[in-house]
Participant: 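Following this message is one structure expressed as structure tokens.
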Amino acid sequence: MTVKKTSWMIVDGKEPFIVITSLAFAFIVLIALVIFLTSAMLDREELKMQSEAERAFNSVFLALQDSTNKALQAMQDENVSGIGVYNSLGRKVLSLGNVPMTIPLDRFGSRESLPKDGSNTGTATFNKETGMIEYIRFSRLTIMLDTGELTLTENGLLPSPLDFPDVLYLHFDGQNYHHRVTVIKIIGIISTLTLVGLFLLVLSIYRNNRRYRETIAKQESLVNLGQAARTLTHEIKNPLSAITIQLALLKKTLPGNHAEELKLIEQEIRRLTQLTNKVSDFLRNPLGKPVVVDLNELFTSLVMRFDKPIRFSSSSPQQIVIDADRARSVFENLLKNAVESSSTRDPQVEVRITTDKRNFVHIYVMDRGDGISVEDSKKIFDPFFTTKIHGSGIGLSISQQFVKARGGNIRLYPRDGGGTVAEVVLPKSIHTVKLMGVTKK
């Protein structure tokens, strides 16, 4: 059973990596499939265009061998706008219909790469500028002009020094081809973007569900902890009361040389009493009775309770609506943590208060102490988690509960140049209950 539990814990710890990797792989495969299908459909349209151009070329030039009229009729049937014969420099020699005077042969590829045999296929391309499909073929058939018509000679010879006119060219409307290609590309792009959006949606749902599971598990843990804490504090308070009474009797009956031992016992009793009171604060109604609290007056009184200097600055008088005792508990705890953030040097504690445009007050308690490690930052608000030797780990949990009950937020993050910033954001008005976000200053 132990091995199975350990294996499950290992898998559970790697669950986000496994799930996200699997999702990413699945969606990459789907995107690759979409790209492959889009490419295959574009290739099919390319071959279809090539086939239509070949058919039109063969139909028109075969009809041309009989007469010009048949060639014109074939051009009309095949939707061909014009045909022409060009020399090796791309200049027009003969033509029917509407064709350019010259054609850039380099646009159709190198002369060596084109088929030299008239029986072979030519090359069809779509001209984006004109919207026409252009077809070119190199032929060894000799063609000459006879009374304004294209005819083939019987012996295939041309008198010298005429340039050998072996480039055959035709073009026809390519809007249908362009439309089909555009639709395929749009569908491919939309499909890809849809898959990417679906991946992000699924990833977001998974992360939210995982966060909800963690929140529910944490809440269940807090419920169990609360029930245990109520029982524990109740059971502790009764013995503490009895011990306190007995301690008072011992102080009167024992000789003076036991004063130090009695003082130590009294200190530990006081510490246990404070701890039980804090646990009670954590479990009771966190909102309390909100009243108008002047932050300048509150911090002026709080900084005087510490033996180390604390710099306090505020841009203007600041007031918030919060339970006075809970406000004092929150900020006294933050100041205490800042003052105790370093045992070897002055932590240079500083308090700054500002107001944003959304009517929220930002209270920054900053220090130059030892800072918070990445591992500890994830658990810093957990009840009874502490990095201090004599700490209870309940102070920040109580502070967070009080602040959130008032519609605010509290977070700790590293300070530029070293140390820690504790940022508390609270609404000024009792009607402002939703925090839209906290921005690091």
Side-chain angles (χ1 to χ4, degrees), residues 39-111 113-154 156 158 163-185:
S39 178
M41 294 176 69
L42 291 175
D43 290 342
R44 186 193 66 177
E45 292 299 327
E46 187 78 17
L47 293 174
K48 186 177 179 181
M49 178 188 68
Q50 182 75 23
S51 175
E52 291 177 353
E54 288 285 344
R55 187 185 69 245
F57 175 85
N58 293 331
S59 176
V60 172
F61 273 89
L62 286 176
L64 185 61
Q65 297 184 36
D66 293 336
S67 67
T68 303
N69 292 332
K70 289 185 177 182
L72 292 173
Q73 183 61 42
M75 289 172 60
Q76 184 177 357
D77 295 340
E78 298 293 342
N79 198 27
V80 175
S81 301
I83 61 173
V85 179
Y86 293 78
N87 61 22
S88 58
L89 298 178
R91 297 191 183 96
K92 183 174 71 173
V93 178
L94 307 171
S95 68
L96 282 178
N98 183 22
V99 293
M101 293 297 296
T102 60
I103 56 174
L105 297 180
D106 56 346
R107 195 176 67 222
F108 300 93
S110 62
R111 186 182 181 92
S113 63
L114 294 172
K116 301 298 184 179
D117 189 353
S119 62
N120 293 333
T121 59
T123 301
T125 58
F126 176 73
N127 191 328
K128 295 181 180 179
E129 297 179 0
T130 62
M132 306 293 287
I133 293 176
E134 300 177 312
Y135 179 87
I136 186 172
R137 179 190 289 185
F138 281 75
S139 175
R140 289 304 180 186
L141 296 176
T142 302
I143 304 173
M144 64 180 296
L145 182 62
D146 182 14
T147 64
E149 297 180 355
L150 290 173
T151 59
L152 300 176
T153 61
E154 295 181 357
L158 281 176
D163 188 21
F164 192 77
D166 59 352
V167 181
L168 308 179
Y169 169 89
L170 64 79
H171 64 186
F172 55 93
D173 184 41
Q175 291 303 318
N176 289 335
Y177 165 79
H178 179 64
H179 176 72
R180 293 195 301 269
V181 168
T182 302
V183 169
I184 291 172
K185 289 181 179 180

Participant: Partners of Glu46 by side chain to side chain donor-acceptor pair (under 3.5 Å), sequence neighbours excluded?
Facilitator: Tyr177
Participant: Pick out which of Ile103, Leu89, Val93 makes a side chain to side chain contact (heavy atoms under 4.5 Å, CB included) with Val167.
Facilitator: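 Exactly one pass, corresponding to Ile103.
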Participant: Counting C-beta onward and ignoring hydrogens, is there a side-chain heavy-atom pair between Ile83 and Leu64 closer than 4.5 Å?
Facilitator: yes
Participant: Please name all residues satisfying side chain to side chain contact (heavy atoms under 4.5 Å, CB included) with Leu62, sequence neighbours left out, ordered by chain then number.
Facilitator: Gln65
Participant: If you look only at pairs with a residue in residues 57-74, which of them pass as a salt bridge (charged side-chain N to carboxylate O under 4.0 Å, His left out), with sequence neighbours excluded?
Facilitator: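 Residue pairs passing salt bridge (charged side-chain N to carboxylate O under 4.0 Å, His left out), neighbours aside: Asp66-Lys70.
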Participant: Apply salt bridge (Lys or Arg N to Asp or Glu O under 4.0 Å) to Lys48 and list each qualifying residue two or more places apart in sequence or on a separate chain.
Facilitator: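 Salt bridge (Lys or Arg N to Asp or Glu O under 4.0 Å) check on Lys48 returns nothing, list empty.
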Participant: Are any non-hydrogen side-chain atoms of Pro100 and Tyr169 less than 4.5 angstrom apart?
Facilitator: yes
Participant: Indicate yes or no: at least one non-hydrogen side-chain atom of Leu168 is less than 4.5 angstrom from one of Phe61.
Facilitator: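 Contact flag for Leu168/Phe61 side chains = yes.
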Participant: Among all residues two or more places apart in sequence or in another chain, which pass the salt bridge (Lys or Arg N to Asp or Glu O under 4.0 Å) test with Glu134?
Facilitator: Arg107
Participant: Find out whether Val99 and Lys92 are in side-chain contact, i.e. whether some heavy atom of one side chain is under 4.5 Å from a heavy atom of the other.
Facilitator: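 Answer yes - side chains close enough.
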Participant: What is the distance from atom CD of Glu52 to atom CG of Asn79, rounded to the nearest 0.5 Å?
Facilitator: 10.0 Å
Participant: Give me the atom names and distance for the closest heavy-atom approach of Ile133 to Gly174.
Facilitator: CG1-CA, 3.6 Å
Participant: The criterion is salt bridge (Lys or Arg N to Asp or Glu O under 4.0 Å); which residues satisfy it with Asp77, sequence neighbours excluded?
Facilitator: none
Participant: Listed by chain and number, what are the side chain to side chain contact (heavy atoms under 4.5 Å, CB included) partners of Ser81, not counting sequence neighbours?
Facilitator: Met132, His171
Participant: Once salt bridge (Lys or Arg N to Asp or Glu O under 4.0 Å) is applied, do any residues pair with Arg91, and if so which ones, sequence neighbours excluded?
Facilitator: none
Participant: Suppose we screen for side chain to side chain donor-acceptor pair (under 3.5 Å). Which residues come up paired with Glu45, at least two apart in sequence or across chains?
Facilitator: Arg180
Participant: Does Phe172 have any ring pair (Phe, Tyr, Trp, His ring centres under 6.0 Å) partners at least two apart in sequence or in another chain, and if so, which?
Facilitator: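 Not a single residue meets the ring pair (Phe, Tyr, Trp, His ring centres under 6.0 Å) criterion with Phe172.
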Participant: Could you tell me which non-hydrogen atom of Ala124 sits nearest to which non-hydrogen atom of Ala53, and how far apart they are?
Facilitator: CB-CB, 3.8 Å
Participant: Return yes if some donor-acceptor pair links the side-chain N/O of Glu54 with the main-chain N/O of Gly122 below 3.5 Å, else return no.
Facilitator: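 A pair under 3.5 Å: yes.
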Participant: Tell me whether the rings of Phe126 and His178 are parallel (<30°), tilted (30 to 60°) or perpendicular (>60°).
Facilitator: parallel
Participant: To check you understand the geometry: which heavy-atom pair defines the closest contact between Asn58 and Arg137, and what is its length?
Facilitator: OD1-NH2, 3.7 Å
Participant: Nearest heavy-atom pair of Gly97 and Met75: which atoms, and what distance?
Facilitator: CA-CE, 4.2 Å
Participant: Rounded to the nearest 0.5 Å, how far does CG of Leu170 lie from OG of Ser95?
Facilitator: 12.5 Å
